[in-house]
S.K.: 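Below are the structure tokens for one structure; questions will follow.
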Amino acid sequence: MKETIVEESAVKKISGHIYYFFSRFKYHIVIILGLLVVGVLDENSFRRRIECYYQIQDLNAEIEKYEKEYQHDTQRLRELKQNPNAIAKIARERYFMKADDEDIFVLSDDEQPTTNNNINETTE
């Protein structure tokens with residue numbers, strides 16, 4: 001019986017401290033929870049807005065890249081329509097085609113992998 005009274009008074013004491021804490025800092029708690037919801041947790045949070053902003057920046061850069069590519073291809077197409085020799089030029093540049101009386105040499109800057117064929121080396 002004495003133990004239950006002690007336990008009940010301890011529970012009342014703890015709940016009293018919790019009630020006092022919440023009643024004293026209720027505005028602070030509501031403000032902090034509101035900032036968490038608006039800043040981080042919500043679907044329309046500031047964090048999500050920043051992510052969308054950077055995604056928009058990346059997409060705009062991609063749009064600019066494709067617009068430049070489109071302009072370049074449009075210019076090439078116009079050149080093909082106006083100049084019949086342009087077809088031969090493109091065939092030579094892109095597809096390494098040649099006329100009957102010429103040779104083509106393709107120079108590459110790619111480094112060839114070196115293999116070590118030293119016979120004296122032993123692997124352990």
Side-chain angles (χ1 to χ4, degrees):
M1 175 105 166
K2 204 174 196 184
E3 291 175 8
T4 59
I5 295 173
V6 171
E7 288 177 8
E8 286 178 11
S9 69
V11 170
K12 285 183 181 179
K13 195 175 194 182
I14 291 172
S15 63
H17 287 297
I18 292 172
Y19 176 75
Y20 174 73
F21 177 79
F22 281 118
S23 65
R24 183 167 180 207
F25 295 109
K26 60 186 167 193
Y27 296 113
H28 296 97
I29 293 170
V30 169
I31 290 171
I32 290 171
L33 288 176
L35 288 175
L36 280 174
V37 167
V38 171
V40 180
L41 303 175
D42 191 31
E43 183 179 316
N44 300 318
S45 66
F46 288 118
R47 179 185 56 85
R48 178 73 176 133
R49 255 184 100 141
I50 292 170
E51 288 174 0
C52 288
Y53 174 78
Y54 285 121
Q55 185 178 10
I56 289 170
Q57 294 293 330
D58 292 340
L59 291 173
N60 283 336
E62 193 172 335
I63 287 171
E64 288 178 18
K65 179 184 96 170
Y66 285 124
E67 282 179 352
K68 287 179 184 177
E69 188 176 321
Y70 171 75
Q71 294 297 330
H72 180 269
D73 291 343
T74 304
Q75 180 183 5
R76 274 259 163 119
L77 187 61
R78 250 187 259 125
E79 182 180 328
L80 282 173
K81 288 179 181 178
Q82 293 174 357
N83 188 2
N85 294 331
I87 295 173
K89 179 181 175 186
I90 291 175
R92 289 178 185 189
E93 287 176 357
R94 285 194 181 172
Y95 304 110
F96 305 116
M97 296 178 138
K98 65 179 185 111
D100 292 333
D101 60 343
E102 65 185 12
D103 294 327
I104 294 181
F105 297 96
V106 178
L107 303 176
S108 175
D109 291 341
D110 298 338
E111 293 183 23
Q112 299 296 325
T114 58
T115 57
N116 194 354
N117 294 331
N118 193 353
I119 298 172
N120 296 332
E121 257 185 44
T122 59
T123 57
E124 295 179 23

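Count residues from 1 along the sequence. Small disclaimer: the values here were computed from a predicted structure and weren't measured.
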S.K.: Rounded to the nearest 0.5 Å, what separates atom CD in Gln71 from atom CG in Asp73?
M.R.: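 Result: 9.5 Å between the selected atoms.
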S.K.: Taking the basic N atoms (NZ, or NE/NH1/NH2) and the acidic carboxylate oxygens, is any pair closer than 4.0 Å for Glu51 and Arg48?
M.R.: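 Here Glu51 pairs with Arg48 in a salt bridge, since their nearest N and O are under 4.0 Å apart.
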S.K.: What's the separation between atom CD in Glu79 and atom CG in Asn85, rounded to the nearest 0.5 Å?
M.R.: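 It is 10.0 Å, given to the nearest 0.5 Å.
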S.K.: Between Leu33 and Phe22, is there shared hydrophobic-cluster membership here, with clusters defined by ILVMFWY side-chain heavy atoms closer than 4.5 Å?
M.R.: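 Yes, one cluster joins them.
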S.K.: First locate atom CZ of Phe25, then atom CD1 of Ile32, and finally report the distance between them rounded to the nearest 0.5 Å.
M.R.: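 It comes to 10.0 Å.
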S.K.: Kindly indicate whether the side chain of Asp58, heavy atoms from C-beta on, has any atom under 4.5 Å from the side chain of Glu62.
M.R.: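 They are not in contact (no side-chain heavy atoms under 4.5 Å apart), so the answer is no.
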S.K.: Report yes or no: does Ser45 contribute a side-chain atom to a donor-acceptor pair with the main-chain N or O of Leu41 at less than 3.5 Å?
M.R.: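 No, Ser45 side chain to Leu41 backbone: no donor-acceptor pair under 3.5 Å.
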S.K.: Could you state the interatomic distance from NZ (Lys65) to CG (Asn60), rounded to the nearest 0.5 Å?
M.R.: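 Interatomic distance, Lys65 NZ to Asn60 CG, rounded to 0.5 Å: 14.0 Å.
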S.K.: Quick one: pull up CD in Glu69 and OG1 in Thr74 and give me the separation to the nearest 0.5 Å.
M.R.: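 Answer rounded to 0.5 Å: 10.5 Å.
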S.K.: Consider only side-chain heavy atoms of I, L, V, M, F, W and Y, link residues closer than 4.5 Å, and tell whether Ile29 and Ile18 are in one cluster.
M.R.: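 Hydrophobic grouping puts Ile29 with Ile18.
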S.K.: Check Ile31, Val37, Val38 against Leu35 for a side chain to side chain contact (heavy atoms under 4.5 Å, CB included) and give me the one that passes.
M.R.: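 Among Ile31, Val37, Val38, the one that satisfies the side chain to side chain contact (heavy atoms under 4.5 Å, CB included) with Leu35 is Ile31.
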S.K.: Before giving the answer on side chain to side chain contact (heavy atoms under 4.5 Å, CB included), spell out for Lys68 and His72 the whole-Å C-alpha distance, their side-chain angles and the decisive distance to 0.1 Å.
M.R.: CA-CA 6 Å; Lys68 287 179 184 177; His72 180 269; over 6 Å; no
S.K.: Going only through I, L, V, M, F, W and Y residues with side-chain contacts under 4.5 Å, is there a path from Tyr19 to Ile14?
M.R.: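 Per the 4.5 Å side-chain linkage, Tyr19 and Ile14 are not co-clustered.
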S.K.: Nearest 0.5 Å, please: how far is OH in Tyr70 from CD1 in Ile63?
M.R.: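 Going from CD1 on Ile63 over to OH on Tyr70, the span is 15.0 Å.
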